[in-house]
Every structure is written in structure tokens, then in C-alpha cells.
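Reminder, nothing fancy here: chain letters follow the sequence lines and each chain counts from 1. Computed from a predicted structure; not experimentally measured.
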Amino acid sequence: LAKTTQPISMDSYEGQEVNITCSHNNIATNDYITWYQQFPSQGPRFIIQGYKTKVTNEVASLFIPADRKSSTLSLPRVSLSDTAVYYCLVGEWSSASKIIFGSGTRLSIRP
Amino acid sequence: DGGITQSPKYLFRKEGQNVTLSCEQNLNHDAMYWYRQDPGQGLRLIYYSQIVNDFQKGDIAEGYSVSREKKESFPLTVTSAQKNPTAFYLCASSIVGRGRTEAFFGQGTRLTVV
């Protein structure tokens, strides 16, 4: 299983773009990269998933270089409500393998 | 609405008692998971199940037990053998099969043992 490494914490201000990078040097050919958001006392919520290049949805973008050994979650124009913990996961949910969460990145947004 | 329901949201038990946490899903997902989360920490996998009547241990299975008698249900029992049971417990489910997919999480059960 690919292990992920991401910053423990990040700070930013409202209206800024925030980029959180995740390192996954041992990613396997069939692995997808998935990002989750978690607010205190709630279950994680799916944000975005990708395999290569760039994926964009209504809340975020995911950039994955050609070697797939890292990925960057980009949150445009953050607000106070984006303060949360963000987890990067690598694996195949579809195979019901041992999906492991790392410690995540605690993002704090200031006014 | 489809989703995962965990109950109860808060649970208090005396030390030495077994307690069972409920997890039900109506998403028709084959796979289900149980995670434990301690304050300020990430999620740790307790057990997971790919199919009815089958389940595997995760990284911290000691002191816990599960059953998967129905596709919709994956209850977790915290036994008296679990040394530090006070934690936030999360259940999730996902589709099994090739291709991209995502996991859906319940809202969690906060267990406090006194």
C-alpha cells in the first residue's frame, strides 16, 4: 500500500488560493488519488479523485504530475468554512483493500 | 435518502462492559469499514469487509469484533479487552469492483467509557 506524506498544518487567509501537496512515492499502477475533508466530530467527506494530469470539480482541482509520485489539492478562494483537516489517500476503494488514512493536513483559514 | 447511518451518536459505558456500535447503509455497497479516531489524530482501520459473511482485520483489531450477516449492516463490538476504548468511531462503505470509486462515511459514534 502506498504511504502518503503531507504537511501537518497550513494557514491561509480568506480569498486566497490554497495548495496542499501530498507525496506518494510508492503509488501502484492501479491506485487512484483521493482527497477527503473532515470537520470536527464528523465523518470525512469526499472532495476529489484523480488518476493523472488534472481533475477539476465545483470545489477543488487536483494536479497530478506524469510520474504520479505526488499530487496537489488546490482550493480556490478559500473561506472560513474551509477550515478542516484534509486527507490524501492512495489506493483502490473499489477492491476493498486496506484503505489507510494518514494524519492529514490541518488547514486554518483566517479572516 | 441513501447513506450510512451510525447510531447512537453518543454512547457512554462503564469500564469492563461490552458495547455494540451500529452501522447501516442503504447504498447497496459491498464493502464496509470501521475506523477509530483519537483527538487530533487521523483515522485508523479496525476491520473491513468485502462481502457478506467475510471480514478482515485492520491495523488495530485487538479488543474489537465485527459481524457481517447482512449486506446493509456491519456492527462493531468494543469488548472489555480493548484497553482504551474511548474514541470517535467511524463507519464507511464503498463499491467493490474495478475502477474509480469513493467511500461514504457515517457521522460517527463518540464512545466514552467511564
- Proximal to chain A - members of residues 106-114 of chain B, heavy-atom separation under 4.5 Å: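 Within residues 106-114 of chain B, the residues under 4.5 Å from chain A are B:G106, B:Q107, B:R110.
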Taking atom [atom1] as the centre, does [X] end up with more than 12 heavy-atom neighbours from other residues, nucleotides or ligands that are less than 6.0 angstrom away?
{"X": "A:F39", "atom1": "CZ", "value": "yes"}
{"X": "A:E17", "atom1": "CD", "value": "yes"}
{"X": "A:L80", "atom1": "CG", "value": "yes"}

- Does A:V85 reach the side chain of B:Q41, with side-chain heavy atoms less than 4.5 Å apart?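 No; the side chains remain at least 4.5 Å from each other.
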- Heavy-atom side-chain contact between B:F105 and A:F46 under 4.5 Å: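 Not in contact.
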- Message: Rounded to the nearest 0.5 Å, what separates atom OG in A:S103 from atom CZ in B:R44?
- Response: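 Separation between the atoms: 10.5 Å.
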- Nearest non-hydrogen partners of B:F88 and A:Q38, listed with the distance: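 Distance-wise, the nearest heavy atoms are CE2-NE2, 4.4 Å.
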- Message: Test of understanding: with side-chain hydrogen bond (donor to acceptor under 3.5 Å, both in side chains), list the residues that count as partners of A:R106, not counting sequence neighbours.
- Response: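 With sequence neighbours excluded, A:R106 shows a side-chain hydrogen bond (donor to acceptor under 3.5 Å, both in side chains) to no residue whatsoever.
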- Message: Using heavy-atom distances under 4.5 Å, tell me whether B:L90 contacts chain A through its side chain, its backbone, both, or neither.
- Response: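 Only the side chain of B:L90 comes within 4.5 Å of chain A.
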- Under 4.5 Å from a heavy atom of chain A, the part of B:Q37 involved: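 Side chain only.
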Between [X] and [Y], is there a shared hydrophobic cluster once you connect ILVMFWY residues whose side-chain heavy atoms come closer than 4.5 Å?
{"X": "B:Y35", "Y": "B:V78", "value": "no"}
{"X": "B:Y48", "Y": "A:Y87", "value": "yes"}
{"X": "A:M10", "Y": "A:V59", "value": "yes"}

- Message: For residues 67-77 of chain B, which residue pairs pass the salt bridge (Lys or Arg N to Asp or Glu O under 4.0 Å) check, not counting sequence neighbours?
- Response: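 Output for this query lists B:D30-B:K71.
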- Message: Can you list, by chain and residue number, the hydrophobic cluster partners of B:F12 when the side-chain cut-off is 4.5 Å?
- Response: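 Grouped by the 4.5 Å side-chain rule, B:Y10 form the rest of the cluster around B:F12.
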